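Step one of this worksheet: look at the structure below.
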Amino acid sequence: MAASPLYEGDLLCPQCCEIYCFPVLLKCGHNICRVCLQKFWEWKGCRECPVCRTVSVYGRPPINLPLKLAADNYQTQRTSRNQELCCLHNEKLKLFCQNDEEPICLVCHTSKQHKVHECYPVEEAAQQKKTEVLAMLESLKKKLRILNKTKEHWQETKDYIQTQAYQSEKAMKEEFEKLHKFLWEEENTRLKVLKQEGEIKTQVMCEKLENIKDKIKTLSSTISDVERALRASDLPFLQDYKQTKKRVKCNIQEPECIRDILINSAKHLGVLKFGIWKKMANIVTCVPITLDPNTAQSNLKFSEEFTCVQYSNKQLLPDNPERCTSRVCVLGATGFTSGKHSWTIEVGQGKDWYIGVAQESIKRKSVVFLNPSEGFWVIGLCKGDSFWAQTTPRTKLTLKQKPERIRVELDYDKGKVVFINAADSTTIHTFKDRFTERIFPYFSPGLYEEGKSSIPLTICPLTITVDVE
């Protein structure tokens, strides 16, 4: 036999007079909201029925599941009916106002507020607006992919900072092992500075990673909400359209370019012996410049306190903004904005190399020509027999003998770069230009074939007496 239909009056709690919420069935047969019953019992101080005052036995009254399902179903139907009706005219929402971006009824369309507005049927408008949101959603997904890729890059950078700090610490200890016992205090001081920088920069990357994780989480949540909205039926989608559109338009900034985040190895390891020269002057060597490994292409390796560079096997290095990736080269650790500076480079018997200076703003990630218009003032040896000055067009140099040591003299204020054969002090080539920004020493050692040794470029040390000349 079919059950009798339930009316709204059958679904009202006798205590709160609202639709049942988790109705429980008492022994006397009356149904009460669980929360209402608990409050009544606490107020009354005994377990009696609020309707007939019958005292219930100890134990938790069971939930009347059929009644709960009926009440929940009624609530859902009532909410759905209310959502489909105009709150002003109690008519069905059949149109969508393009100007106000909201569903309206036919009466609203004839009213003064919407009479001159563009209105479309709900089905047609929903399809159009879903297409718009889908396009904006693709933009959000693209940003999410960029954020995820940047996060991976930053994670690699963070790991490399720790590795770099460890390698710098190891190299520093090896240098200090060459010194006497009384230098341990100097070593410990420098290690403390290195460790502090490593911790600070690692902490910075941790904070950056946490920040980008938060952005990814926020953006992922927004995308999920928008996708959920897109899966909704037309009318609920349009009703939430304003909020959905506002979420899609959330402003997620592009990941920042983190500069100078790697360990400053040149500061810690460059000319380390010269730093303690007053104590160990007789065994210390000093060079006018050192190389900056954070700018080096990944096939370059260093030795002798970053004063020697040569081509080697490819290393896994982070693509930080300072690193040169378009050419096999490295810059000096110190740049110049004024004055006279010089350094001597031992090129040995290398068959291919380029040396000179480059300005700070050179393109480090894309291929450029080695000429002054691109920010380079360099000379080089090609295939072991022809010397060239990288002018525009490049100039072939005629030399009486092949130099093994070349001195580079930079006069920033006069805009001159002079290359001199250190063996006989003859001028190889002179560049004249006007410098407007910081200038760095430039080194590009020759490549080598598999199984053959490469010829390094080495910065020659200065002669040290009581004073440096």
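Treat the numbers as computed from the prediction; the structure is a model and nothing was measured. Each residue takes its place number in the sequence, starting with 1.
Looking at Asp424 and Gln401, their side chains come closer than 4.5 Å, going by heavy atoms from C-beta outward. The side-chain heavy atoms of Ile104 and Cys119, taken from C-beta on, include a pair separated by under 4.5 Å. Here the side chains of Val330 and Phe302 are in contact, with some heavy-atom distance below 4.5 Å. No side-chain heavy atom of Asp433 sits under 4.5 Å from any side-chain heavy atom of Val417. For the pair Ile428/Phe387, no side-chain contact is recorded, criterion being any heavy-atom separation below 4.5 Å from C-beta on. A heavy-atom distance below 4.5 Å is found between the side chains of Val347 and Leu457. Contact of the Glu124 side chain with the Phe96 side chain is not registered, since no non-hydrogen atoms from C-beta on lie closer than 4.5 Å. With a 4.5 Å cut-off on side-chain heavy atoms, Asn320 and Tyr160 do not count as touching.
The number of heavy-atom neighbours closer than 6.0 Å to NZ of Lys215, taken from other residues, nucleotides and ligands shown, is above 12. Within 6.0 Å of the NZ atom in Lys267, the count of heavy atoms belonging to other residues, nucleotides or ligands exceeds 12. Heavy-atom neighbours of Leu65 CG from other residues, nucleotides or ligands within 6.0 Å: above the threshold of 12. The local environment of CZ in Phe22 is sparse, with at most 12 non-hydrogen atoms from other residues, nucleotides or ligands closer than 6.0 Å. No more than 12 heavy atoms of other residues, nucleotides or ligands shown are found within 6.0 angstrom of NZ on Lys340. Shown here is Glu256, whose CD atom has more than 12 heavy atoms of other residues, nucleotides or ligands within 6.0 Å. At most 12 heavy atoms of other shown residues, nucleotides or ligands fall within 6.0 angstrom of atom NZ in Lys301. Counting heavy atoms of neighbouring residues, nucleotides and ligands inside a 6.0 Å radius, atom NZ of Lys242 exceeds 12 of them.
Put simply, the side chain of Lys314 never gets that close to the backbone of Ser298: no donor and acceptor are under 3.5 Å apart. Looking at Thr430, its side chain never comes within 3.5 Å of a backbone N or O of Val418 through a donor-acceptor pair. Listed for the Glu374 side chain is no donor-acceptor partner under 3.5 Å among the backbone atoms of Val368. Looking at Thr131, its side chain does come within 3.5 Å of a backbone N or O of Gln127 through a donor-acceptor pair. Put simply, the side chain of Glu197 gets close to the backbone of Asn264: a donor and an acceptor are under 3.5 Å apart. Checked by atom type and distance alone, the side chain of Lys365 pairs as donor or acceptor with a backbone atom of Arg323 at under 3.5 Å. Side chain of Asn211 to backbone of Glu207: no donor-acceptor contact under 3.5 angstrom is found. Using modelled atom types, one side-chain atom of Asp292 and one backbone atom of Asn294 make a donor-acceptor pair closer than 3.5 Å. Side-chain atoms of Arg407 never come within 3.5 Å of backbone atoms of Ala422 as a donor-acceptor pair (strictly under, hydrogens ignored). Checked by atom type and distance alone, the side chain of Thr391 pairs as donor or acceptor with a backbone atom of Pro393 at under 3.5 Å.
Taking every heavy atom of both residues into account, Pro103 and Gln239 meet most closely at CG-CG, 4.1 Å. The two atoms that bring Leu300 and Cys329 nearest to each other are CD1-O, 3.3 Å, heavy atoms only. Smallest separation of non-hydrogen atoms from Gly350 and Leu381: O-CD2, 3.0 Å. Minimum interatomic distance between Cys308 and Pro456 (heavy atoms only, all atoms of both residues): SG-CB, 3.5 Å. Residues Ile263 and Ser168 come closest through the heavy atom pair CG2-OG, 4.5 Å. Among all heavy-atom pairs drawn from Phe440 and Gly332, the shortest one is CD2-O, 3.3 Å.
In this structure, Ile355 CD1 and Thr344 OG1 are separated by 9.5 Å, a value rounded to the nearest 0.5 Å. Of the inter-residue distances, the one linking Ser139 atom OG with Lys249 atom NZ reads 12.0 Å to the nearest 0.5 angstrom. Remark: Lys414 NZ to Lys432 NZ distance equals 10.0 Å, nearest 0.5 Å.
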Report task. Determine, step by step, whether Thr334 and His341 satisfy the side-chain contact (heavy atoms from CB on, under 4.5 Å) criterion, reporting the C-alpha distance in whole Å, the side-chain angles of both residues, the deciding distance to 0.1 Å, and the verdict. Result -> CA-CA 11 Å; Thr334 303; His341 311 275; over 6 Å; no
Requested in this report: Go through the steps to decide whether Lys173 and Glu169 satisfy the test salt bridge (charged side-chain N to carboxylate O under 4.0 Å, His left out), and finish with yes or no.
Outcome: CA-CA 6 Å; Lys173 286 183 177 181; Glu169 180 177 348; 3.4 Å; yes
**Report entry** Gln359 and Ser361: CA distance, side-chain angles, deciding distance, side chain to side chain donor-acceptor pair (under 3.5 Å) verdict
**Finding:** CA-CA 6 Å; Gln359 63 187 19; Ser361 63; 3.3 Å; yes
Report task. Please test Lys208 against Thr157 for side-chain contact (heavy atoms from CB on, under 4.5 Å), starting from the C-alpha separation and ending with a verdict. Result -> CA-CA 11 Å; Lys208 296 291 184 183; Thr157 301; over 6 Å; no
Report task. Output, in order, the C-alpha distance, side-chain angles, deciding distance and verdict of side-chain contact (heavy atoms from CB on, under 4.5 Å) for Met136 and Val226. Result -> CA-CA 10 Å; Met136 291 185 283; Val226 174; over 6 Å; no
Query raised in the report: side-chain contact (heavy atoms from CB on, under 4.5 Å) between Thr222 and Leu140: does it pass, once the steps are laid out?
Result: CA-CA 9 Å; Thr222 300; Leu140 292 183; 4.2 Å; yes
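Residue Lys130 is tested with Leu238, Leu137, Leu230 for a side chain to side chain contact (heavy atoms under 4.5 Å, CB included); the sole match is Leu230. Residue Tyr354 is tested with Tyr442, Trp388, Phe376 for a side chain to side chain contact (heavy atoms under 4.5 Å, CB included); the sole match is Tyr442.
Between Tyr412 and Phe435, the ring planes lie tilted relative to each other; the angle falls in the 30° to 60° range. Between Phe419 and Phe431, the two ring planes are perpendicular [angle over 60°; tilted spans 30° to 60°].
Taking 4.0 Å as the cut-off between side-chain N and carboxylate O, Arg228 and Asp225 count as a salt-bridged pair. Salt-bridge annotation for Lys245 and Glu132: absent, with no side-chain N of the basic residue lying under 4.0 Å from a carboxylate O of the acidic one. Between Asp385 and Lys402 there is no salt bridge, since none of the side-chain N atoms of the basic residue sits less than 4.0 Å from a carboxylate O of the acidic one.
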